[in-house]
Amino acid sequence: MRAINLNGFGGPEVMEWSEAPDPAPGHGEVLIEVAAAGVNRADLLQRRGLYAPPAGATPVPGLECSGVVAQLGEGVRGWSVGDRVCALLSGGGYAERVVVPAGQLLPVPEGLDLAAAAGLPEVAATVWSNLVMTGGLHSGQLLLIHGGGSGIGTHAIQVARQLDARVAVTAGSAAKLDRCAELGANVLINYREHDFVELIRAEQGLGGPGADIILDNMGAAYLGRNIDALAPDGQVLVIGMQGGINAELNLGALMAKRGTVRAIKLRDRPATGRGSKADIIAEVRTHLWPLLEKGAIVPVIHAEVPVADAGRAHEMLDEHETFGKVILRIGDY
């Protein structure tokens, strides 16, 4: 088969669409003929040598894909060859074929094409596992989403609104904020022009002034300010480190808020067992997929790019002008 192979680490030029070994499904696994793959910032970090795949995972990038089931491994039940699926991966989505544990498969929601479905598994699993399974987001709470125009952000806005939470977002342009408002965001903060702490402290969470939950993609750069922006008993859920990995933590400020900071990584979770990817995917299928099938939540796609031009797709994310997901077109659909 062909796949995106990394010729060393560095810029987009290190990615090459070339031959790679054909994968074969083992026990409990499924082989997918890939139609499309979602592009995530983790892929950019892996390309630069800053985010290694888990032990035993393929070095081919790509944390989510869509396609058609081509072969079932021993012991797989509930799926058939020819099923249209999308999948949460530990790697390997930037390829013509990929193997995935059956517990990480999802059916393509009714009414969606394979390209749109390719951008769902990673955002859906990240948002649902953090906001609902970990954070317990519920009606009336105030959620602050950093990076409201990202793939995660555009999905999280919609999920939170379906849970009847109020949503504040940060973004770097008026155009992005306008589109966040169309998705349901209530409080719009241009981080280039305003201090998000000041504006969020003017809002009322259920616990008091500030945000009840903050979904943070920045990490170190925003840690102290996120704590300042919390409502009492609030939670900071860190899912990215675009602003660095090391920061000082003012425990006194955190204790005064009775606050919680959790840093949560999806890629290294086990395939099965407590807190596993299979558990998350089962929750997503039960609670989130019906909302997608009735159109209450929609995928937000910025662009589709041929996989041979994967470098251009990465450049789009680096330019910070995207709104929603960038998709790589790989197979026929």
Whether over 12 other heavy atoms sit under 6.0 Å from Gln162 CD: yes
Spell out, as yes or no, whether a donor-acceptor pair under 3.5 Å connects the side chain of Arg2 to the backbone of Glu96. no
Just wondering, more than 12 heavy atoms not from Met241 lying within 6.0 Å of its CE? no
For the pair Asp113 (side chain) and Ala116 (backbone), establish whether a donor and an acceptor sit closer than 3.5 Å, ignoring hydrogens and angles. yes
For the pair Gln158 (side chain) and Thr154 (backbone), establish whether a donor and an acceptor sit closer than 3.5 Å, ignoring hydrogens and angles. yes
His194 side, atom NE2; Leu188 side, atom CG - distance, nearest 0.5 Å: 10.5 Å
Can Arg312 and Glu315 be counted as an ion pair, charged N to O under 4.0 angstrom? yes
To the nearest 0.5 Å, how far apart are CD in Gln235 and CG in Leu215? 11.0 Å
Any salt bridge linking Glu122 with Arg267? Criterion: basic side-chain nitrogen under 4.0 Å from a carboxylate oxygen. no
Stepwise, does the salt bridge (Lys or Arg N to Asp or Glu O under 4.0 Å) test hold for Asp22 with Arg97? CA-CA 7 Å; Asp22 273 309; Arg97 300 178 195 90; 2.7 Å; yes
Residues His314, Val305; criterion side-chain contact (heavy atoms from CB on, under 4.5 Å); working and verdict: CA-CA 10 Å; His314 279 212; Val305 178; over 6 Å; no
Taking all atoms of both residues into account, what is the closest heavy-atom pair of Cys180 and Val169, and its distance? CB-CG2, 3.9 Å
Do side-chain atoms of Trp17 reach the backbone of Ala310 as a donor and acceptor pair under 3.5 angstrom? no
Distance check, rounded to the nearest 0.5 Å: Leu89 atom CG versus Leu105 atom CG? 9.0 Å
Is the side chain of Gln141 donor-acceptor paired with the backbone N or O of His138 at a distance under 3.5 Å, no angle test? yes
Could you tell me whether Glu13 atom CD has more than 12 heavy atoms of other residues or ligands within 6.0 Å of it? yes
Separation between SG of Cys65 and CD1 of Ile327, rounded to the nearest 0.5 Å: 11.0 Å
Gap separating the CG atom of Asp216 from the CD1 atom of Ile145, nearest 0.5 angstrom: 12.0 Å
Apply side-chain contact (heavy atoms from CB on, under 4.5 Å) to the pair Val39 and Leu44, showing each step before the final yes or no. CA-CA 9 Å; Val39 179; Leu44 278 64; 4.3 Å; yes
Is the number of heavy atoms from other residues, nucleotides or ligands within 6.0 Å of CD1 (Ile245) greater than 12? no
Tell me if the CD atom of Glu110 is crowded by more than 12 foreign heavy atoms within 6.0 Å. no
What class does the angle between the rings of His287 and Trp128 fall in, given that below 30° is parallel, 30 to 60° is tilted and above 60° is perpendicular? parallel
Of all heavy-atom pairs between Ala37 and Tyr94, which one has the smallest distance, and what is that distance? CB-CD1, 4.2 Å
Where the side chain of Asp195 meets the backbone of Val197, is there a donor-acceptor pair that is under 3.5 Å apart? yes
Examine distances only and state if a side-chain atom of Gln46 and a backbone atom of Pro59 form a donor-acceptor pair shorter than 3.5 Å. yes
Whether the side chain of Lys325 engages the backbone of Val300 through a donor-acceptor N/O pair (distance < 3.5 Å, no angle test) should be reported. no
Under 3.5 Å donor-acceptor, Lys257 side chain and Gly234 backbone: no
Going from CD1 on Ile281 to OG1 on Thr286, what distance comes out if it is rounded to the nearest 0.5 angstrom? 11.0 Å
Output a table of donor-acceptor pairs, distance under 3.5 Å, between side-chain atoms of residues 69-88 and any protein atom two or more places apart or on a different chain; print 'none' if there are none.
unit_1: Asp83; atom_1: OD2; unit_2: Ser80; atom_2: N; d: 2.7
unit_1: Arg84; atom_1: NH2; unit_2: Leu112; atom_2: O; d: 3.2

How close do Ser66 and Ala115 get, heavy atom to heavy atom, and via which atoms? OG-N, 4.4 Å
Look at the side-chain heavy atoms of Ile, Leu, Val, Met, Phe, Trp and Tyr, link any pair under 4.5 Å apart, and say whether Val14 and Met316 land in one connected group. yes
Please tell me whether Val159 and Val167 are part of a single hydrophobic cluster in this structure, the criterion being side-chain heavy atoms less than 4.5 Å apart. yes
Test: side-chain hydrogen bond (donor to acceptor under 3.5 Å, both in side chains). Region: residues 176-192. Which pairs qualify, not counting sequence neighbours? none
Is it true that a side-chain atom of His302 and a backbone atom of Phe323 form a donor plus acceptor pair closer than 3.5 Å? yes
